[in-house]
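Some notes on the structure that comes next.
Residues take their numbers from the sequence shown, with the count starting at 1. This structure is a prediction, so every number in the text was calculated from the model and none was measured.
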Amino acid sequence: MAVARGQFLAYAERTDPYGAIMVYDLAALRKKRTMITNEVASDKYIALDFADSGKQIIGVGGPPEYNLIYWWWEKTRILGAAKVGQEVRHVRVCPKDANRVAVCGPSIVRVFRLEDSQLRPEPKGGAKVNEYFDFVAMAWVNELRMLLGTSQGQIIIWEDGSLIADVLDPAATLSLHAMKLFRKQDAAIAIDNILVHSNGFICTGGAGTLKNFEIAADGGYIFHKDMKILIEDKTLEYGILDEQQILDMTLSPAGDVVAVATDKRQIFSAKLKELKRTKEDYYKMKPLFYFLHYNRVHCVDICVRKPLIVTCAADRTIRIWNFFNRDCEIWKKFPEEPHSVAIHPNGFYLLSGFTDKLKMMHILHDDIKTVRDVPIRGCREVKFAQGGHLFAAANGAIIQIYTTIQFDNTMNLKGHTSRIRCILWSHDDTRIFSSSQDGSLFEWDLLHGEIIHEVTLRGSIFISLAAAPDGETVYGITSDGTLKEITNGTFSRDIKSPLGVLTSVNLSHAGHCLIFGTTEGKLLTLAFPLLTELSRLGISLSNYYHYHQ
C-alpha cells in the first residue's frame, strides 16, 4: 500500500493471472483507476511507492522475476519496466528526481533510471553488497544519498553507489569478515522502518521505541533521543501496558508530526519540536485518538439511559464508549481475561464474568472499581433485567437469577443439558429466553420458574437472540447464519441473507427494525414487523446496508 500526499491511496490485489493496483481518491472515497498488465509476470505486487508529485507509481511484482512496473496512473500508461531477477522487499522513488527508483532486499541495493520508456540500471546504482547484508528498510535523503536498515540492526549510508558507513557504529568496517563476526553475536533489533525529516531521520529501535538522529556538521548523523510508547494511566490498577511493536510510520505534510501504527491496533504521534523541549532521556509518544481493542471482542452491551456501550475483549480490558462523542471514556486492564460484560440500565454499574468469579463494578469518573463478587466461575453470559432490579447469569447449564441490590439468589432455572450460550429478558421482565450448546431454546416463566415453550435444532445452535415487543415472538440466529422466527414455541419461518452470513441480531428500542451483524463486517437492518417476503434490497449512502420490504 502507498499514499500520495494524503490525496490518493494505492493498494495491490492478488488476482489471476496478473496482479492489480487500485488507486483511490481519499477525498471523494471512490476508486480512480485499476491497473493490470502482463509485464508484471506475477499474480501479485509485493511493494508500491508513489512519486513525490503523486502522478506516478512504481510497483514490484512477485517471484520469480520481481519485475518493476512504473505507471503514469492517471492515464493508466506504463512509463517503463525492468526485471530485477532476485528478491526485492522495498521500492522507493527519489523525491528529488522522479526518474530514479531504488530497490533493496537480501544482498541487493540497486538504482534504476527512467530513460526512453525503459527503466535502466544506473552504472553506479548497484552497490557491491556481500551476501550477509539483509536490507529490510530504505529511505532517500537526497538524490545522492539513501539510508538502508538491515535485519542485523544496522543503518547503512548509501552514497553515490557505495555503502560508506553504519550510522550506529561509524567506526565499524562493512567488510565481509566483519559481517561474519556480527552474525555470531546475539540477535540484533531489525531496523525495519526509516523516516527522513528535515533535521535528520527516525528509525525503529525495538518494541515500542523510535530513535531520532540529527544531521551532524560533518554530514553524518548523531543520536538525539528515544521516543517510546509507554502508556501510564490512572485507570490502570495493575500497571502499564506492554511495549508495542511498531509496524509503520509516516510524517505529516508539514513535516512536524510523526505518526506510528502498532501491532495492537493503536496509533501514536510525536511532535518533533517537543523532542528538544523535554528534559527527560526519552520522549513519551501520545495516542492520536482513543485506545482500541487489539484482540477478539468477547461481549458488547448497550446502556438504556445513557449513550454508553461497554465491551470486553481477549486483550484483558473492559472499555466504556460514548457513541455520541465517539470516544472511549474509560478503560481498564485486568490481570485476567474478562469473558462477559453487562451494563446496568442507569449506566453506573456493570457486571463482568472472570475465570474465578462474577464481579459487580462501579463505573467512576476515571476508574472501574470492583464492589462485589458473586461466586460463579467462568460466567460467559450475564444480562441485567430491563428495569435493572435483577440480573441473570449463566453458571454452566444453569441460569441463576439475582437481585441487584442485595445479591440474593432468588431462582435457579434448570433444564438445559449443555453450557448456556444466550440469555435474553422479555420487555416486561416476566420471562427469559435462553439457548445452549445442545441446540435448545427455552422460554421461561419467572413467576413460577418453569419452561413455557421449548424448541430444539438438529446439527446447529442459536448464537444470538432478539425478542419482539409482543413477548410471543423471538428471533434467533443459528450457527449456519440463518434467521429463524419462533412464535409461541413454533418455528414460523427461516430467512437467509443475500448480503452475508448472519452472526448476531438485536431489535431497536423503538421496535421499528431488526439489526444484524455478518461475518463480512456488514451491518444490516430489516424493517420491523416483518412481512411475508423480502421484495427488494437497497443500500444507503452512508455505507450501511438496509433491507426494504
Inter-residue atom distance [X].[atom1] - [Y].[atom2], 0.5 Å rounding:
X: N99; Y: E115; atom1: CG; atom2: CD; value: 8.5 Å
X: L147; Y: E159; atom1: CG; atom2: CD; value: 10.0 Å
X: N295; Y: H293; atom1: CG; atom2: NE2; value: 10.0 Å
X: I78; Y: Q118; atom1: CD1; atom2: CD; value: 12.5 Å

**Request:** Would you please test Q86 and R110 for side chain to side chain donor-acceptor pair (under 3.5 Å) and show each step?
**Result:** CA-CA 11 Å; Q86 64 185 99; R110 196 172 298 172; 3.3 Å; yes
Close side-chain approach of [X] and [Y], heavy atoms under 4.5 Å:
X: I108; Y: V84; answer: yes
X: I58; Y: L119; answer: yes
X: F268; Y: V258; answer: no
X: R89; Y: P106; answer: yes
X: L68; Y: V91; answer: yes
X: K32; Y: W73; answer: yes
X: L9; Y: M1; answer: yes
X: I318; Y: T311; answer: no

Using the test salt bridge (charged side-chain N to carboxylate O under 4.0 Å, His left out), find all partners of [X] that sit at least two apart in sequence or belong to another chain.
X: D52; answer: R5
X: D25; answer: none
X: R100; answer: E122
X: D494; answer: K484

Is the NZ or CZ atom of K225 positioned over Y283's six-membered ring, under 6.0 angstrom from the centre and within 45° of the axis? no
Among residues at least two apart in sequence or on other chains, which ones pass side-chain contact (heavy atoms from CB on, under 4.5 Å) with [X]?
X: S42; value: K44
X: A216; value: D218, I222
X: V257; value: S252, S269, K271
X: A217; value: none

Salt bridge K306-E329, side-chain N to carboxylate O under 4.0 Å: no
Salt-bridge contact D97-R113 (side-chain N to carboxylate O under 4.0 Å) = yes
Which atom names give the shortest non-hydrogen contact between [X] and [Y], and what distance separates them?
X: G481; Y: V501; value: CA-CG1, 3.6 Å
X: A81; Y: E39; value: CB-OE1, 3.5 Å
X: W140; Y: C94; value: NE1-N, 3.5 Å
X: F8; Y: F50; value: O-CE1, 4.0 Å
X: C104; Y: M138; value: SG-SD, 3.6 Å
X: A270; Y: M285; value: CB-CE, 4.0 Å

Check your understanding: Hey, mind stepping through R145 and W158 against side chain to side chain contact (heavy atoms under 4.5 Å, CB included) and telling me if it holds?
Key -> CA-CA 6 Å; R145 173 177 285 195; W158 176 97; 5.7 Å; no
*ring-ring contact (aromatic ring centres under 6.0 Å, His included) partners for Y475, two or more places apart*: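 Once residues adjacent in sequence are excluded, the partners of Y475 under the ring-ring contact (aromatic ring centres under 6.0 Å, His included) criterion are F528.
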Short question: side chain of [X], backbone of [Y] - any donor-acceptor pair under 3.5 Å?
X: H512; Y: A527; value: no
X: D226; Y: K228; value: no
X: D49; Y: V93; value: yes

Check your understanding: Do you know which of V310, V300, I302, I309 makes side chain to side chain contact (heavy atoms under 4.5 Å, CB included) with I343?
Key ->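 Going through V310, V300, I302, I309 one by one, the side chain to side chain contact (heavy atoms under 4.5 Å, CB included) with I343 is satisfied by V310 alone.
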Exercise for review: Quick one: do L483 and I477 satisfy side chain to side chain contact (heavy atoms under 4.5 Å, CB included)? Show the steps, please.
Suggested key: CA-CA 5 Å; L483 172 66; I477 301 295; 3.8 Å; yes
- Query: Applying ring-ring contact (aromatic ring centres under 6.0 Å, His included), which residue pairs with at least one partner in residues 16-46 are found, sequence neighbours left out?
  - Reply: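 Found Y11-Y24.
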The complete set of ring-ring contact (aromatic ring centres under 6.0 Å, His included) pairs with one or both residues in residues 246-265, sequence neighbours excluded, reads none
Check residues 190-203 and write down every donor-acceptor pair under 3.5 Å in which the side-chain atom is one partner and the other belongs to a residue at least two apart or another chain.
residue, atom, partner, partner atom, Å
D192, OD1, T204, OG1, 3.0
N193, ND2, L247, O, 3.2
H197, ND1, N199, N, 3.2
H197, ND1, G200, N, 3.4
H197, NE2, N212, OD1, 2.9

(request) Take F133 and L163 through the side chain to side chain contact (heavy atoms under 4.5 Å, CB included) test and state the conclusion after the steps. (result) CA-CA 11 Å; F133 277 119; L163 305 182; 4.1 Å; yes
Query raised in the report: Side-chain donor-acceptor pair under 3.5 Å between S53 and Q56, yes or no?
Result: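 There is such a pair between these side chains.
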Verify whether one side chain among E65 and N67 offers a donor that lies under 3.5 Å from an acceptor in the other.
yes
Applying side chain to side chain donor-acceptor pair (under 3.5 Å) to T150 and Q152, what does each step give before you reach the verdict?
CA-CA 5 Å; T150 73; Q152 298 98 339; 3.3 Å; yes
